Amino acid sequence: MLLVLLAIVSAYSFTNKSKPKKVKKVIFIIGDGMGLAQISGAMSETNERNAFERFNVIGMSKTSSSDNYITDSGAGATVFAIGKKTFNGAISVSVDSVAYPSLFEMMKKKNMATGVVVTSSITHATPACFYAHVSSRKSEDDIASFLLQGNCDIAIGGGTKFIKYRKDSMDLTALLQRNGFMVKTDTSNNFTPLLANKQVYTLAFDGMKRKLDGRNDFLKQASLSAISQLNHNKNGYMLMIEGSQIDWGGHENNYEYMKTELYDLNETMNAVLDYAEQQGDVLVVVTADHETGGLSLHPNKENKKKFIANYSTGGHSGIMVPVFAFGPGAENFGGIYENTEVHFKFKKLLGLE
Ligand code: MG
Ligand code: ZN
């Protein structure tokens, strides 16, 4: 009996070793401009469940771009999408402006599903890198046109301007519909789920309303809706969710702005982790492209249990950013590495090479 049991156990561990479980479902969450000071400060001042503490694999990503120790969000997301360091402002093109295939493009070749949900416009630098290739992040009209290629099945966020009210006075709606997308464009900031596997849904003229100005739980609702649509694809999916405006609060050195946007992301992360825990086959990775504001938490002489949020720049800083991973394959994200490695880890786990 014991021998039989031992045989079963060793056969089991053998199969486990020789066939590492392939990851088919990835939820990649980016807090733009979200460094450790942002996370530490904000999460010390809330009673909400700390989603960051639900991860047991933590790594560190070195964020520099090809031409600058301090990256921008274009170069900062290009590394995730195509695995190459590039110049600041670039959208998934190399240093010599060559378009290399992105994770989304490789996934579409394998008939997997892809999507982005963001609080900026869907054509802003971070989401753009996942489905477009242009040498300047400012070309948001051009970036929107890349959606027609069909490498991003679901795009939800702001940016009605770049679909309907473009400089070339083209309206992309009919073209997108002809390519199989359900399209909804308004400026309501009010999300109602669309039941479509392919959809372009913009709810604001440009970026979404700030949390401080009354944005609701759009990010959580839209993310969960996108996940349920992407999950229809049996080959698997990647959804990129961005807390875009954590960065914008940082640029304004507006701690309240940053903090409320980070809470919004925390709430979304908790919902995603609840789902991933229940499913068991979803890899969730959370990181940032860079830190914004050079934020530090200074001593507060009036109240020694509190801190004073002190910004050292209106731009980005060059400090490493944390990477949090949960689910199958999470163990690959421990350690300290260049930001490009995030791309190669996903590529390997998803079997894209
Ligand atoms: Mg961004
Ligand atoms: Zn920024």
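Scope of the values below: all heavy atoms of this structure, side chains included, with no hydrogens, waters or symmetry mates. Remember, it's a predicted structure, so these values are computed and weren't measured experimentally. Read the numbers this way: they start at 1 and go in the same order the structure lists the ligands and their atoms.
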Q: Is Asp186 salt-bridged to Lys164, going by a charged N under 4.0 Å from an acidic O?
A: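 No salt bridge links Asp186 with Lys164.
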Q: Any Lys/Arg nitrogen of Glu256 or Arg210 sitting under 4.0 Å from an Asp/Glu carboxylate oxygen of the other?
A: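 Salt bridge between Glu256 and Arg210, a charged N being under 4.0 Å from a carboxylate O: no.
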Q: Angle between ring planes, Phe28 versus Phe346, binned at 30° and 60°: parallel, tilted or perpendicular?
A: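 Judged by the thresholds at 30° and 60°, the geometry between Phe28 and Phe346 is perpendicular.
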Q: Would Glu277 and Arg54 pass as an ion pair if we require N to O under 4.0 Å?
A: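 Yes, Glu277 and Arg54 are salt-bridged.
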Q: Suppose we only allow N, O or S atoms; which atom of Glu242 ends up nearest to the Mg ion (ligand 1)?
A: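 Closest to the Mg ion (ligand 1) among those atoms: OE2.
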Q: Find out whether the Lys NZ or Arg CZ of Lys25 is both under 6.0 angstrom from the six-membered ring centre of Tyr237 and within 45° of the ring's axis.
A: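 That pair does not qualify as a cation-pi contact.
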Q: Could you confirm whether Ser244 has any N/O/S atom lying under 2.8 Å from the Mg ion (ligand 1)?
A: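 So Ser244 does not count as coordinating the Mg ion (ligand 1).
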Q: Looking at Asp32, pick out the N, O or S atom nearest to the Mg ion (ligand 1) and give its name.
A: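 Sorting the N, O and S atoms of Asp32 by distance to the Mg ion (ligand 1) puts OD2 first.
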Q: Angle at the Zn ion (ligand 2): provide the value between NE2 of His251 and OD1 of Asp247, rounding to 10 degrees.
A: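 Taking the Zn ion (ligand 2) as the apex, the two atoms subtend 90°.
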Q: Of all the atoms in His290, is at least one N, O or S atom closer to the Zn ion (ligand 2) than 2.8 Å?
A: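 Within the cut-off used here (under 2.8 Å), His290 places no N, O or S atom near the Zn ion (ligand 2).
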